Amino acid sequence: MAVTVGVRFPDNFRSFTHEEEALGNEEWSIDLGRSNEVLFTELFGYMFEEVRIVGPDEDPALLGLDAFIEPSIDAFEFSVPNQTKTDSFAVWIRYRIKVYNSSGDQIANWPLAAYGKSQSRMLGGSEALQEAAVLAMRDAAALMIDKLDRETGVGATRAKRATAPENAVPEAQTTAHDGDANDAG
Amino acid sequence: MTPADLGRIPTRILLTGLLAALASGCVTSRVENAREGKTGIGDGETIVIMGKSYHLGNETEDSYISCVEDAIGRGRGGLKVIPRQQFVDALFPWFEPRTAPAETKGLVKLMERPGVAERIAEQGVRYIIWLDGDTERVAGGGSMSCAAGPGGGGCFGFAWWQNDADYNASIWDLQGLENAGTVSADVSGTSFLPALVVPIPLIARTQSAACKGLAEQLRAFIVSEPQI
């Protein structure tokens with residue numbers, strides 16, 4: 001997509017850990033580490049003309065972006081063979097993708113449910129759960145490639161930005177932006 | 001090793017084979033195919049064997065898919081099989097469980113996507129074989145009790161169980177973008193476990209029989225021309 005986007009990864013997205021006591025008092029701890037951040041950075045790099053990673057203290061409005069994206073994880077759930085009476089591990093990850101235009105207005109809030117399933121017969125329990133999580137993340141990536149533009153309209157943000165009334169305005173407004181930028185610097 | 005030892009080896013092999021044959025349960029199998037189009041495969045052409053998506057409720061075991069991959073590519077006349085993960089990675093994201101086409105109707109649109117036809121051609125994939133089905137325990141019974149004491153232990157009783165392996169393979173021809181046909185394997189096996197002090201398992205290798213039967217039939221289906 002011919003757009004320049006900024007992406008900010010919240011802390012719990014950059015380093016995600018989920019702990020849960022499953023049926024039978026088994027303690028499970030799933031540490032996705034930086035894998036979500038790496039996946040989304042790669043993915044957006046492939047999908048968009050230019051991607052800038054926006055730090056927690058940076059103001060995206062000052063970066064000359066067409067759109068600003070903030071992904072997050074709403075929920076992480078899993079099931080183990082004891083619960084489902086099968087030999088499968090399953091993982092559900094509910095992501096949320098918020099997209100803002102160049103003016104800072106939210107233009108989309110897309111909940112994305114990803115699912116992965118793996119069999120424990122060939123892998124050990126821990127490896128099978130890890131495999132299911134990886135498959136869920138691949139599922140999310142596939143969904144985004146297929147539907148992100150349709151669901152959020154992010155691909156049209158450059159064109160909309162070019163025709164937006166604010167771009168035709170006033171010197172004064174431009175000056176104000178410049179002022180902000182200087183203040184930030 | 002002495003000549004006497006050498007003479008004992010065939011006897012040992014025979015005995016092992018006899019025991020293995022005796023130690024298997026009862027298996028009945030039916031393998032059928034239904035042809036919809038012409039098949040054939042060239043020297044540089046390959047096949048890929050995939051499990052139908054779990055998003056569609058399919059439960060085909062990974063071990064079964066691997067078994068068919070091995071069996072169809074093994075021996076003289078074996079077909080060249082591309083590992084499914086290699087294929088799925090090369091075509092990402094279009095053969096993920098959620099995005100893979102469920103019917104041949106979706107193939108035309110898929111091949112029009114940028115890079116898809118090229119990546120399939122790079123790997124020489126002529127056929128995609130979609131497997132679905134699974135092996136289930138459908139019946140069982142009997143009882144067995146075991147005990148151990150200072151002088152030793154043992155089991156007494158009899159147990160049995162029946163497994164049904166029911167698998168279906170759809171063969172998609174990527175040259176004509178059509179379904180070339182289907183092959184199915186329906187195998188039923190009953191295993192027994194009699195115990196008179198020592199339990200003697202007589203295991204029916206149901207899934208293994210379904211794998212071998214389906215792979216042989218698939219190979220014949222792809223290689224041979226249809227009878228007119």
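So you know, we letter chains A, B, ... as the sequences are listed, proteins then strands, and number each from 1. Computation of the quantities below employed the complete heavy-atom set of this structure, encompassing side-chain atoms and omitting hydrogens, waters and symmetry-equivalent molecules. These numbers come from a predicted model, not from an experiment.
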Review point. For chain B, which residues of residues 1-20 of chain A have at least one non-hydrogen atom nearer than 4.5 Å to it?
Key: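 Residues in range: none.
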**Study point:** side chain to side chain donor-acceptor pair (under 3.5 Å) partners for E77(A), two or more places apart
**Key:**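 In terms of side chain to side chain donor-acceptor pair (under 3.5 Å), with neighbours along the sequence ignored, E77(A) is linked to R94(A).
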Practice item. Check the pair R34(A), E37(A) against salt bridge (charged side-chain N to carboxylate O under 4.0 Å, His left out), reporting the backbone distance first and the verdict last. Key: CA-CA 5 Å; R34(A) 290 187 57 239; E37(A) 183 187 4; 3.2 Å; yes
Practice item. May I ask you to check whether F40(A) and Y95(A) place their ring centres under 6.0 Å from each other? Key: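 Under 6.0 Å, so yes.
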Practice item. For residues 48-118 of chain B, pull every pair meeting disulfide (SG to SG under 2.5 Å), keeping only residues two or more places apart or in separate chains. Key: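 Qualifying pairs: C67(B)-C211(B).
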Show me the donor-acceptor pairs, under 3.5 Å and distance only, between side chains in residues 140-147 of chain B and residues at least two apart or in other chains.
none

Check your understanding: Of the backbone (N, CA, C, O) and the side chain (C-beta and beyond), which part of S53(B) lies under 4.5 Å from a heavy atom of chain A, both, or neither?
Key ->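 Contact with chain A is absent: no heavy atom of S53(B) under 4.5 Å.
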Review point. Under the criterion ring pair (Phe, Tyr, Trp, His ring centres under 6.0 Å), which of F78(A), Y115(A), W28(A) is the partner of F89(A)?
Key: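 Passing option: W28(A).
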**Study point:** Between E59(B), R98(B), H55(B), E96(B), the one whose heavy-atom pairs under 4.5 Å with chain A are most numerous
**Key:**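 Highest number of pairs under 4.5 Å: R98(B).
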Check your understanding: Counting heavy-atom pairs under 4.5 Å to chain B, which of L135(A), D146(A), L143(A) comes out on top?
Key ->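 Heavy-atom pairs under 4.5 Å are most numerous for L143(A).
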Check your understanding: If you count heavy-atom pairs under 4.5 Å with chain B, which of S88(A), A114(A), G116(A) comes out on top?
Key ->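 The option with the most such pairs is G116(A).
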Practice item. Indicate whether the side chain of S188(B) and that of Q162(B) have a donor and an acceptor atom separated by less than 3.5 Å. Key: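 Yes, because at least one side-chain N or O of S188(B) sits under 3.5 Å from a partner of the opposite role on Q162(B).
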Exercise for review: Answer yes or no: is there an ion pair linking D89(B) with R84(B), defined by an N-O contact shorter than 4.0 Å?
Suggested key: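 Answer for the salt bridge query: no.
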